[in-house]
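Being a predicted model, the structure only gives us computed values, none of them experimental.
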Amino acid sequence: MADIEYLQSIIRPHPDFPKKGISFLDIFPILRDPIAFETLITHFVHHITSQTIPKSLRKKVDVVVGLDARGFLLGPIIALRLGASFVPVRKRGKLPGECVSANYEKEYGADTFEMQSDAILPGQSVIIVDDLIATGGSAKAAGELVKKLGGVTVEYLFIIEIMFLKGYQCLDAPAYSVIQHLD
């Protein structure tokens, strides 16, 4: 696909960042290029409307959940295009009001995610979006939060998937990534 190759050509690797042995894949060049950013959002929305929604039980997406922080850059735009609400998942202590929480292990250690307890209604169809899936720990925690509130995760969306880590295996719904990074 031409759009995938185009987006892949814009992502920049940064070896040994944030620590030695890690190659950080920087998505920010996509956001600095309006055509690339539109290409990415359109690709996601096309995938959701042509693949995800037709296979879902409710035939719609009610909520798009974005993970702290890069999921906040994609989620609201995708939600607007789908006519869905946007719900942020934040690190502990960053959201006001009553929250539900889930602990998770990431590549760099342990952390806790929270979601406001009234953000998702029972039975709502949810898509969870983030920039990258590696081990799947943070996405899995977001899925646990959706489940605690009675929502149904229909799919996880990522710009990049680090294939050899197989993070999608710990998720409770299908995962879609635009770019599959092999090493």
Side-chain angles (χ1 to χ4, degrees), residues 1-53 61 63-91 94 104 106-108 111 113 115 126-143 146 153-171 173-183:
M1 285 183 140
D3 57 342
I4 293 172
E5 292 165 1
Y6 170 59
L7 293 169
Q8 195 163 17
S9 73
I10 296 171
I11 291 173
R12 297 236 165 66
H14 294 276
D16 297 323
F17 182 83
K19 64 182 185 178
K20 189 160 181 62
I22 304 289
S23 182
F24 184 85
L25 299 172
D26 185 5
I27 65 157
F28 289 128
I30 291 174
L31 277 65
R32 288 193 300 263
D33 179 334
I35 293 172
F37 196 16
E38 179 62 38
T39 299
L40 175 65
I41 297 299
T42 300
H43 183 93
F44 273 137
V45 171
H46 180 263
H47 168 78
I48 295 164
T49 57
S50 67
Q51 301 295 316
T52 309
I53 290 174
V61 173
V63 179
V64 175
V65 168
L67 276 63
D68 195 343
R70 290 181 185 93
F72 298 173
L73 303 171
L74 307 170
I77 300 167
I78 294 169
L80 274 172
R81 300 252 177 113
L82 296 174
S85 64
F86 173 74
V87 172
V89 167
R90 304 258 356 236
K91 295 207 172 136
K94 301 289 184 182
Y104 65 99
K106 285 185 65 170
E107 307 81 67
Y108 316 118
D111 214 337
F113 265 159
M115 179 186 290
V126 178
I127 286 179
I128 297 173
V129 63
D130 202 6
D131 66 326
L132 181 136
I133 181 169
T135 63
S138 56
K140 179 182 178 189
V146 169
T153 301
V154 294
E155 191 168 43
Y156 293 82
L157 299 177
F158 306 97
I159 300 171
I160 303 167
E161 177 181 353
I162 308 298
M163 297 294 289
F164 76 92
L165 293 174
K166 301 182 190 304
Y168 63 89
Q169 290 181 344
C170 71
L171 303 178
Y176 175 76
S177 55
V178 178
I179 296 167
Q180 292 79 39
H181 187 74
L182 300 175
D183 53 359

Nearest 0.5 Å please: distance from the [atom1] atom of [X] over to the [atom2] atom of [Y].
X: I159; Y: I27; atom1: CD1; atom2: CD1; answer: 4.0 Å
X: Q169; Y: L165; atom1: CD; atom2: CG; answer: 10.5 Å
X: I53; Y: L82; atom1: CD1; atom2: CG; answer: 5.5 Å
X: R81; Y: T49; atom1: CZ; atom2: OG1; answer: 11.0 Å
X: Q8; Y: Q180; atom1: CD; atom2: CD; answer: 8.5 Å

Is the closest side-chain heavy-atom distance between [X] and [Y] below 4.5 Å?
X: L73; Y: L31; result: yes
X: I11; Y: D26; result: no
X: T52; Y: V154; result: yes
X: F17; Y: I22; result: no
X: R12; Y: L25; result: no
X: I78; Y: I48; result: yes
X: E155; Y: V126; result: no
X: L132; Y: F158; result: no

**Message:** I'd like to know if the side chain of H46 pairs up with that of Q51 as donor and acceptor (distance under 3.5 Å, no hydrogens or angles considered).
**Reply:** no
Which heavy atom of [X] sits nearest a heavy atom of [Y], and at what distance?
X: V64; Y: V61; result: CG2-CG1, 4.2 Å
X: P76; Y: G71; result: CD-O, 4.1 Å
X: L7; Y: I179; result: C-CD1, 4.1 Å
X: A139; Y: L171; result: CB-CD2, 3.8 Å
X: L40; Y: I30; result: CD2-CG2, 4.2 Å
X: Y156; Y: G143; result: OH-CA, 3.3 Å

**Message:** Under a 3.5 Å distance rule, please check whether T42 uses its side chain to pair with a backbone N or O of T39 as donor and acceptor.
**Reply:**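 Checked: no pair found.
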**Request:** Evaluate the side chain to side chain contact (heavy atoms under 4.5 Å, CB included) criterion for residues K166 and T135: first the C-alpha distance (whole Å), next the side-chain angles of each, then the deciding distance (0.1 Å), finally the verdict.
**Result:** CA-CA 7 Å; K166 301 182 190 304; T135 63; over 6 Å; no
**Request:** In sequence, state the C-alpha distance, the side-chain angles, and the governing distance for L80 and F86, and then conclude on side chain to side chain contact (heavy atoms under 4.5 Å, CB included).
**Result:** CA-CA 8 Å; L80 274 172; F86 173 74; over 6 Å; no
**Message:** side chain to side chain contact (heavy atoms under 4.5 Å, CB included) for S177 and I160? Distances and angles first, verdict last.
**Reply:** CA-CA 6 Å; S177 55; I160 303 167; over 6 Å; no
**Prompt:** Taking it one step at a time, do V146 and I128 satisfy side chain to side chain contact (heavy atoms under 4.5 Å, CB included)?
**Reply:** CA-CA 9 Å; V146 169; I128 297 173; 4.0 Å; yes
**Request:** Evaluate the ring planes of Y176 and F44, with Trp represented by its six-membered ring, and classify them as parallel (under 30°), tilted (30 to 60°) or perpendicular (over 60°).
**Result:**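 Taking F44 first and then Y176, their aromatic rings stand perpendicular (interplane angle over 60°).
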**Request:** Determine, using ring centers only, whether Y104 and F113 are less than 6.0 Å apart.
**Result:** yes
**Request:** May I ask you to decide whether R70 forms a salt bridge with D131, counting only side-chain N to carboxylate O separations under 4.0 Å?
**Result:**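 Yes, charged N to carboxylate O under 4.0 Å.
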**Message:** Tell me whether D68 is salt-bridged to K91, with the criterion being a basic N under 4.0 Å from an acidic carboxylate O.
**Reply:** no
**Request:** Sort out for me which residue in I35, D33, I41 forms a side-chain contact (heavy atoms from CB on, under 4.5 Å) with F37.
**Result:** I41
